[in-house]
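Worksheet for the structure shown next.
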Amino acid sequence: MTDLRFDGRVAIVTGAGHGLGRSHALELAARGAKVVVNDLGGRVDGSAEGGADGGEPPAAAVAAEITAKGGWAVSDTSDVSTEDGAESLVDAAMDRYGRVDVVVNNAGILRDRSFKNISVGEWDAVIGVHLRGAFLVSRAAFGHLREHGYGRIVNTTSPTGLFGNFGQSNLAAATMGVVGLTKSLAIEGASYDVAVNVIAPLAYTRMTEDLLPAESAADLAPKHVTPVVVWLAHEDCPSTGEIYSVGGGRVARVFVAEGPG
Ligand code: ADP
């Protein structure tokens, strides 16, 4: 792991203003990648954050963090759930760095609601960011990823994308859709060495902090998920069309602690 380098490579990481995406962006940059740090800057609850009140948008803060350490980064505030946003994100990578090698689709939102009460808006919003966003950014980047005989897409789902969950029918449908997208794109990309995989991480982030016990924050820190992304993004990794469940060991420990005697 320690010797995996990305010098000369260009990576797009969506939803990288916080949590998992930020961790992936920092690590890829530390390993030599030029990183396009995308985040539309909205909060998980949909309210605005950054910019308007004079505060820095989170994508810009992460890009500044990278460049302060001597790395390469540019920020982007496109909304990946829109066709124009996805295209302008990939255009930003091409304009600034001239190529795209890695796409990490990490942008996400939650609109949890019991199935009895879920609105069409709550359904569409989650499908829009997770499934439509992964589709749109992958489609915009796919031609560029095929150009150099090496391209990697890492799509992000969640345990809900494996098992379903109460109050998350929208997220389950979106993330299981991402699995279908991934497997089909893996087949279409195979002859160009464009590899496409899914991670299903359980991490303690702004998105999940209300759902997980606070004492799980260390075990479920984003930094435990990032090495899997680094490996899947690297040209030496032969995996494609696979699903990686990354849970920080937390789930197994809970089962051991609470199982029958
Ligand atoms: P996690 O680390 O689990 O992905 P976070 O809430 O920390 O959870 O990060 C998700 C990020 O995705 C947030 O920073 C959010 O602003 C970003 N995001 C949500 N929707 C979009 C979108 N449509 N386009 C770009 N970024 C988005």
Side-chain angles (χ1 to χ4, degrees), residues 12-28 35-52 55-63 65 74-90 92-93 103-112 121-122 124-138 140-141 154-161 165 168 170-171 174-175 178 198-212 216-217 219-226 228-229 245-248 250:
I12 293 172
V13 185
T14 73
H18 303 275
L20 287 169
R22 173 177 171 272
S23 173
H24 307 332
L26 290 172
E27 188 62 28
L28 288 167
V35 181
V36 181
V37 179
N38 160 267
D39 201 297
L40 93 175
R43 292 186 56 85
V44 175
D45 64 7
S47 61
E49 182 192 23
E56 199 174 21
V62 173
E65 208 178 331
V74 62
S75 66
D76 174 277
T77 55
S78 302
D79 176 350
V80 299
S81 70
T82 68
E83 190 171 5
D84 286 353
E87 302 272 340
S88 82
L89 167 59
V90 173
V103 173
V104 182
N105 283 310
N106 170 80
I109 59 167
L110 293 179
R111 295 286 184 275
D112 291 2
E122 289 162 341
D124 285 347
V126 171
I127 301 281
V129 178
H130 289 263
L131 181 54
R132 199 163 189 267
F135 155 64
L136 288 171
V137 176
S138 301
V154 183
N155 289 325
T156 309
T157 66
S158 86
T160 297
N165 197 11
Q168 292 192 325
N170 47 5
L171 184 67
T175 49
V178 169
V198 162
I199 58 163
L202 182 62
Y204 191 92
T205 65
R206 293 184 324 157
M207 211 163 121
T208 55
E209 65 192 359
D210 295 338
L211 308 170
L212 295 167
S216 67
D219 279 354
L220 297 182
K223 68 177 181 187
H224 299 308
V225 175
T226 292
V228 179
V229 173
S245 173
V246 196
R250 174 81 189 172

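Order of listing sets the numbers, starting from 1, for every ligand and every atom in it. By convention here, the first residue in the shown sequence is residue 1.
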field: Leu40 and ligand 1 - part of the residue with a heavy-atom distance under 4.0 Å
entry: both
- prompt: Backbone, side chain, both or neither: what part of Ala203 comes under 4.0 angstrom of ligand 1, heavy atoms only?
  reply: neither
query: Atoms of ligand 1 less than 4.0 Å from Asn106 heavy atoms?
result: 4 (O)
task: Check each heavy atom of Ile109 against ligand 1 and say whether those closer than 4.0 Å belong to the side chain, the backbone, both or neither.
output: side chain
task: Under the side-chain contact (heavy atoms from CB on, under 4.5 Å) rule, what do His224 and Leu220 come out as? Steps first, then yes or no, please.
output: CA-CA 7 Å; His224 299 308; Leu220 297 182; over 6 Å; no
statement: If we number the atoms of ligand 1 from 1 as shown, the ones under 4.0 Å from a heavy atom of Thr205 are 1 (P), 2 (O), 3 (O), 7 (O), 8 (O)
query: Within the distance-only criterion (no hydrogens, no angle test), does the side chain of Ser88 pair as donor or acceptor with the backbone N or O of Gly85 below 3.5 angstrom?
result: yes
- request: Answer yes or no: is there a donor N or O on one side and an acceptor on the other, between the side chain of Asn106 and the main chain of Leu20, under 3.5 Å?
  value: no
message: Please check whether Val80 reaches ligand 1 - meaning an N/O of the residue sits under 3.5 Å from an N/O of the ligand, judged on distance alone.
response: yes
query: Does a donor on one side chain and an acceptor on the other come within less than 3.5 Å for Thr160 and Gln168?
result: yes
- prompt: Counting heavy atoms only, which of Asp76, Val225, Asp39, Asp79 comes nearest to atom 16 (O) of ligand 1?
  reply: Asp39
task: Check each atom of ligand 1 against the heavy atoms of Ser78 and keep those under 4.0 Å away; list them by number with element.
output: 24 (N), 25 (C)
field: Proximal candidate to atom 19 (C) of ligand 1 [heavy atom criterion; set Pro57, Gly15, Gly108]
entry: Gly108
query: Would you say the side-chain atoms of Thr14 pair up with the backbone N or O of Asn38, donor to acceptor, closer than 3.5 Å?
result: no
message: If I apply the N/O under 3.5 Å rule, does Leu20 come out as touching ligand 1?
response: yes
task: Taking Thr156 for its side chain and Asn105 for its backbone only, find out whether a donor-acceptor pair lies under 3.5 Å.
output: yes
- request: Assess Ser23 for proximity to ligand 1: is some non-hydrogen atom of it under 4.0 Å away?
  value: no
query: Do any N or O atoms from the side chain of Asp76 and from the backbone of Val36 form a donor-acceptor pair under 3.5 angstrom?
result: no
- prompt: At what distance, to the nearest 0.5 angstrom, does OG1 of Thr205 lie from NE2 of His18?
  reply: 10.0 Å
query: Any non-hydrogen atom of Thr14 lying under 4.0 Å from ligand 1?
result: no
query: With a cut-off of 4.0 Å, which atoms of ligand 1 are near a heavy atom of Asn38?
result: 25 (C), 26 (N)
query: If you count the atoms of ligand 1 from 1 in the order shown, which ones are under 4.0 Å from a heavy atom of Gly19?
result: 2 (O), 7 (O)
message: Using the rule side-chain contact (heavy atoms from CB on, under 4.5 Å), only one of Ile199, Leu131, Thr175 pairs with Thr157; which is it?
response: Thr175
